[in-house]
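Labels below follow one simple rule: chain letters A, B, ... track the order of the sequence lines, proteins then strands, and each chain is numbered from 1.
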Amino acid sequence: MIISSMSCTLVFLLFLTLPGLAQQSPQKIDVARLGPQPGQAVPDFRLQDAQGKVWTRDSIVGPRGAMLVFSRSVDWCPYCKTQMIELQGRLGELKEKGLGLAVITYDSPAIMADFSRRRGITFPLLSDPGSLTIKAYGILNTTVAAGTSNYGIPFPGTLLIDRSGKVTSRFFEEAYQERNTVSTIMIALGNAGTPATAKRIETDHLDITTYASDEVVAPGSLFSVVFDVKPGAGIHVYAPGAKDYRIINLRIDANPVLTTRALQYPASEIYHFKPLDERVPVFQKPFRLVQGMAVSTSPAARAALKGVETMTITGTLDYQACDDRLCFTPRSIPVSYTVKLRQLDTERATVPK
Amino acid sequence: MLFGVLLAGPAASQTTAPTDVVSEVRSAIGARDLDRADAIFAKRRGERGNVPEIIEALSWLGRGALAEGQLDRADRYGREAQQLAVTLLGSRAPDGEPRLATALGAAIEVQANVRGQRGQRSDAVYFLQRQLETYKDTAIHKRIQKNINLLSLEGHPAPALDRSEFIGHAPPTLDELNGKVLVLFFWAHWCPDCKIQGPILADLLATYRTQGLAVVAPTQRFGCVAGGTPAGPDEEIRYILQIRDKYYGFLADVPVPLSEANHKLYGVSSTPTVVVVDRQGVVKLYHPGRMTKEELEQQIRPLLIPLNAEARD
């Protein structure tokens with residue numbers, strides 16, 4: 001449910017500008033349709049890592065599959081390099097979950113070796129000379145003119161594959177700067193534990209556990225705020241589609257360095273309010289709300305975040321709870337989360353391309 | 001005042017060394033040192049686990065925090081004490097477990113009083129009513145009932161209504177209604193249960209208006225319209241009128257004061273809340289939650305008997 005609603009958000013107009021390129025007319029690219037779709041097997045490959053070791057699709061997969069990340073460059077793309085640093089930090093967790101990890105770019109093995117050495121990367125960074133694999137996967141960035149230095153990059157994104165190589169889920173975003181964090185992906189897959197930093201909020205009607213998906217984020221990080229909500233016995237709250245009633249909702253306070261996505265709701269159930277013969281969508285069993293948000297990559301936001309070490313996100317959870325005899329006055333619960341900020345890696349490779 | 005009431009008891013005045021964890025905790029609370037009481041409790045719980053005596057001590061922490069006005073903390077203690085007592089009791093009634101009965105009664109009392117002190121009188125009474133259903137005819141029945149009596153407005157003169165803003169007819173003052181039996185129907189535009197209560201009141205009003213029944217239906221703005229969409233004051237009034245006309249036809253002829261102050265005065269934090277006021281202006285029923293026609297009629301009819309007829313009887 002969460003995955004399908006997320007994939008719906010991927011159908012956007014994509015307007016790209018790339019460094020070192022002459023200005024081009026924006027092209028309409030639907031990244032959700034590019035590349036292997038869920039259920040399809042991804043093409044095999046034989047690619048070398050920074051140390052010259054050859055990897056194939058099957059050698060990447062762990063006991064429960066693999067995460068294949070397509071990235072633009074670990075030389076000149078700060079968002080890509082910052083994502084690699086995040087992935088390195090989550091390597092142990094991915095391994096525990098039985099997932100292999102590899103990142104594919106058009107960079108040379110020398111650039112990859114340089115970056116790996118500089119940032120302590122230990123997972124396979126795979127060099128795709130001529131972008132043959134990127135093309136085979138159908139995710140070549142076609143907005144880049146052939147013959148330019150950036151020609152050959154993919155639309156960045158992540159594929160989760162099972163042991164047989166079939167796509168189980170995929171995460172490609174409208175904006176090339178935005179990267180789903182590992183936690184965001186795991187939350188979407190229903191494969192994330194509750195962090196020790198989660199806060200518990202008990203109201204007269206709901207038992208709420210809430211947390212930010214990541215302790216550390218960077219410009220372009222697509223992360224989440226999660227609410228695990230357990231209604232009290234006999235209590236229901238209203239779900240989207242409940243016409244006259246107050247739907248449970250999260251309002252994130254305006255923040256110039258954050259962009260928010262639509263709040264993700266799970267499937268609701270229908271409450272038959274017999275005396276009125278009304279059928280209203282509600283939540284009355286434990287449910288999860290996920291609020292996706294991205295650290296803005298606008299020049300103003302990047303300037304504002306320079307040297308900043310932490311960011312506090314504030315908001316309000318609104319809900320109306322009823323039981324079978326009465327309704328409680330709508331409540332507004334203030335929430336806040338503080339996350340650390342990682343600065344973008346803007347250091348270029350020290351070896352020739 | 002509350003502090004004295006809650007802490008009055010032999011343990012608070014003990015001068016000898018405490019002999020058990022409840023006495024130890026109460027002694028610290030009596031000295032108004034809640035943090036020390038909490039530390040003693042935590043230490044003893046670590047040693048002994050969640051045994052009945054420990055749960056009783058936890059309920060005393062709840063009472064201590066309430067007395068200190070630390071409502072969130074009191075609520076937390078109360079909830080946990082109730083949860084632990086219920087778990088330990090399983091399907092048994094609390095009657096055979098004096099410590100758990102004390103813990104449970106105190107935990108319920110604390111949670112209700114926290115609501116009451118937050119101005120959520122109707123939530124408090126409703127919470128106690130639901131507990132009474134669960135613990136009817138057990139050792140803690142009377143304690144719960146006592147708290148309902150204390151928290152409800154029953155027996156008190158009805159507070160005067162704020163009539164500064166209204167929809168429909170101008171609301172009368174309570175003095176002007178003196179001599180009538182008044183039903184105050186607190187409702188909200190987002191409240192499904194109110195939509196059921198409305199027609200029941202319409203029926204009763206049609207039947208008993210000539211015998212002196214009057215209805216006033218206070219509501220308030222909540223800053224939103226359909227689906228919880230935020231709305232300005234004028235937009236919300238238009239929406240309230242729309243809901244009134246769709247679901248509460250009879251309210252076209254009933255005064256509807258529009259004021260948050262009325263909900264606060266009557267402690268209405270849940271709707272519908274029905275308040276019945278007798279001919280002398282005294283609250284006779286304070287009922288959070290919807291009522292059937294029969295239940296409400298049973299409350300109203302004795303009050304409608306003319307005073308002279310009552311005297312004759």
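Aromatic ring centroids of Y248(B) and W187(B) lie under 6.0 Å apart.
Considering all non-hydrogen atoms of both residues, A261(B) and D162(B) come closest at CB-OD2, 3.8 Å.
Heavy atoms closer than 4.5 Å to chain A are found in the backbone of V268(B), but not in its side chain. Q320(A) touches chain B through its side chain: at least one heavy atom from C-beta onward sits under 4.5 Å away, while N, CA, C and O do not. Interface residue Y239(B): only side-chain heavy atoms are found under 4.5 Å from chain A. Both the backbone and the side chain of F328(A) come within less than 4.5 Å of a heavy atom of chain B. Of the two parts of F273(A), only the side chain, counted from C-beta on, holds a non-hydrogen atom closer than 4.5 Å to a non-hydrogen atom of chain B. The contact between D244(A) and chain B is made by backbone and side chain atoms together, counting heavy-atom distances below 4.5 Å.
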Test side chain to side chain contact (heavy atoms under 4.5 Å, CB included) applied to L250(A) and L289(A), step by step: CA-CA 9 Å; L250(A) 176 68; L289(A) 302 175; 5.9 Å; no
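No side-chain heavy atom of Q177(A) sits under 4.5 Å from any side-chain heavy atom of P219(A).
Residues D207(A) and R200(A) are paired through a salt bridge, judged by an N-O separation under 4.0 Å between the basic side chain and the carboxylate.
Ranked by non-hydrogen atom pairs under 4.5 Å with chain B, the options D318(A), V280(A), D323(A) are led by D323(A). Contact count versus chain A (heavy atoms, under 4.5 Å) is highest, among R115(B), Q120(B), Q111(B), R76(B), for R115(B). The candidate from D75(B), D72(B), I196(B) with the greatest count of non-hydrogen atom pairs under 4.5 Å with chain A is I196(B). Contact tally against chain B (heavy-atom pairs below 4.5 Å) for D324(A), N249(A), T329(A), I247(A): the top residue is T329(A). Between chain B and the options R246(A), R325(A), E278(A), the largest number of non-hydrogen pairs under 4.5 Å is found for R325(A).
Relative to the six-membered ring of F41(B), R45(B) misses at least one condition, a distance below 6.0 Å or an angle of at most 45° to the axis.
When only modelled atom types and interatomic distance are considered, E173(A) and N180(A) share a side-chain donor-acceptor pair under 3.5 Å.
Remark: SG of C327(A) is found under 2.5 Å from SG of C322(A).
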